[in-house]
Amino acid sequence: MKNQLLDLSLHELEKEFSNREFGESYRMEQVFHWIFSQHQSTFQGMTNLPASFRKLLDQNYALRSLKIIKKEESKLDHTIKFTFQTFDSKNFIAVLLPHKNYYTLCISTQVGCAFKCQFCASGLVPYDRNLSSGEILDQIFLIEDSRNISLKNILFMGMGEPLANYSNVLKTIQWLKSPQGFKIHPSHITLSTTGVVPQIKKLAKERLNVNLALSLHSADEKIRKKIMPVSSKFSIPEVLNACKIYQLENNSDLTIEYILLNKVNDQLKDAKTLVSVLNSTHFKGKPKINLIPYNSVANLPFKPSSQENIENFYQFLKNKGFIVHTRKPQGQDIGAACGQLE
Ligand code: SF4
């Protein structure tokens with residue numbers, strides 16, 4: 001199996017091209033134009049490159065390695081769930097979320113997940129391997145081609161903990177933002193993490209300015225440990241402090257994600273603990289809070305909160321001065337909603 005070209009960062013490719021005497025640097029620009037603007041999926045199709053250069057590229061690199069093996073569209077809201085297969089026959093999912101005038105794509109970064117959050121279907125899929133940056137970007141190329149759309153909003157919220165696949169996710173973000181790549185504004189890219197403290201701090205220093213979403217889900221250590229057994233190896237103050245550092249280093253939004261589980265973390269006392277913990281972190285700006293009504297998953301013991309509890313939780317946070325949003329489930333009928341991907 002040849003390396004995928006986009007498994008390398010722009011910097012690595014520049015080095016590679018100069019080492020291999022691939023020609024003038026403008027040749028590289030031509031290659032990127034073919035890949036990102038023309039969506040050319042073969043080197044042979046890059047017709048303004050010399051035949052010898054195309055052959056050389058072809059001998060050394062591949063451009064696509066995934067294939068879409070299934071597409072399911074929600075009858076409720078037209079969310080589309082794409083099942084991908086890798087070159088080594090691993091399957092995983094990405095979800096295309098339609099809005100009025102644009103789409104958001106929720107991409108995966110790993111096959112399976114080792115973090116085992118108890119409310120999440122992906123946590124039931126044993127961790128298999130990281131996706132390479134080429135494979136993560138392939139999700140975008142293939143979905144854009146399949147729908148004839150241009151994506152400008154990307155969420156790292158599919159299967160896997162993105163920061164457990166740090167170097168590939170970093171390269172992916174660089175390609176997403178790059179003028180030679182997808183040219184997506186960082187304010188339209190959101191990376192979601194369950195709170196891998198060293199990597200949040202490391203990412204902060206990269207100053208990529210992408211939005212950070214922290215899957216906190218409880219501000220009580222005991223409850224968090226029960227529902228997020230792996231992530232809770234870092235204490236809540238440690239995690240929030242890392243997010244504070246990220247916020248200080250980056251010009252971007254910080255969002256606290258909070259899934260509401262009936263009688264687990266959805267009572268007023270839980271909302272009070274959340275406010276107290278967030279206020280005591282003294283963030284640069286108050287983080288936004290996303291409340292996520294739980295989407296049921298077979299074989300998991302949780303139930304969605306009542307409408308009344310969701311409303312009370314929301315109002316309490318709002319009255320404390322937070323910008324709160326209750327997420328509307330999308331793609332529930334096809335198992336594509338938040339926490340349902342497996
Ligand atoms: S919420 Fe994220 S980190 Fe937790 S099990 Fe699901 S995919 Fe993994």
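Order of appearance sets the numbers: ligands from 1, and atoms from 1 within every ligand.
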**Ring centre gap for W34 and F43 strictly below 6.0 Å** = no
**Complete:** Quick note on ligand 1: atoms under 4.0 Å from a heavy atom of F115 include exactly 3 (S)
**Item:** Short side-chain to backbone donor-acceptor contact, D58 and R54, under 3.5 Å
**Value:** no
**Message:** Taking 4.0 angstrom as the limit and counting only heavy atoms of G123, give me the atoms of ligand 1 inside it, by number and element.
**Reply:** 5 (S)
**Centroid-centroid under 6.0 Å between H217 and F119 rings** = yes
**Request:** Report the member of C117, S215, A164, G160 with the shortest heavy-atom distance to atom 5 (S) of ligand 1.
**Result:** C117
**Request:** Return the minimal non-hydrogen interatomic distance between A242 and K201, and the atom names on each side.
**Result:** CB-CG, 4.1 Å
**Message:** For atom 8 (Fe) of ligand 1, what is the closest protein heavy atom, and at what distance to 0.1 Å?
**Reply:** C113 SG, 2.3 Å
**Message:** Quick one, D7 with S132, criterion side-chain hydrogen bond (donor to acceptor under 3.5 Å, both in side chains). Give me CA distance, side-chain angles, the key distance, then yes/no.
**Reply:** CA-CA 6 Å; D7 285 351; S132 71; 2.7 Å; yes
**Item:** Top protein contact for atom 6 (Fe) of ligand 1, by heavy-atom distance
**Value:** C120 SG, 2.3 Å
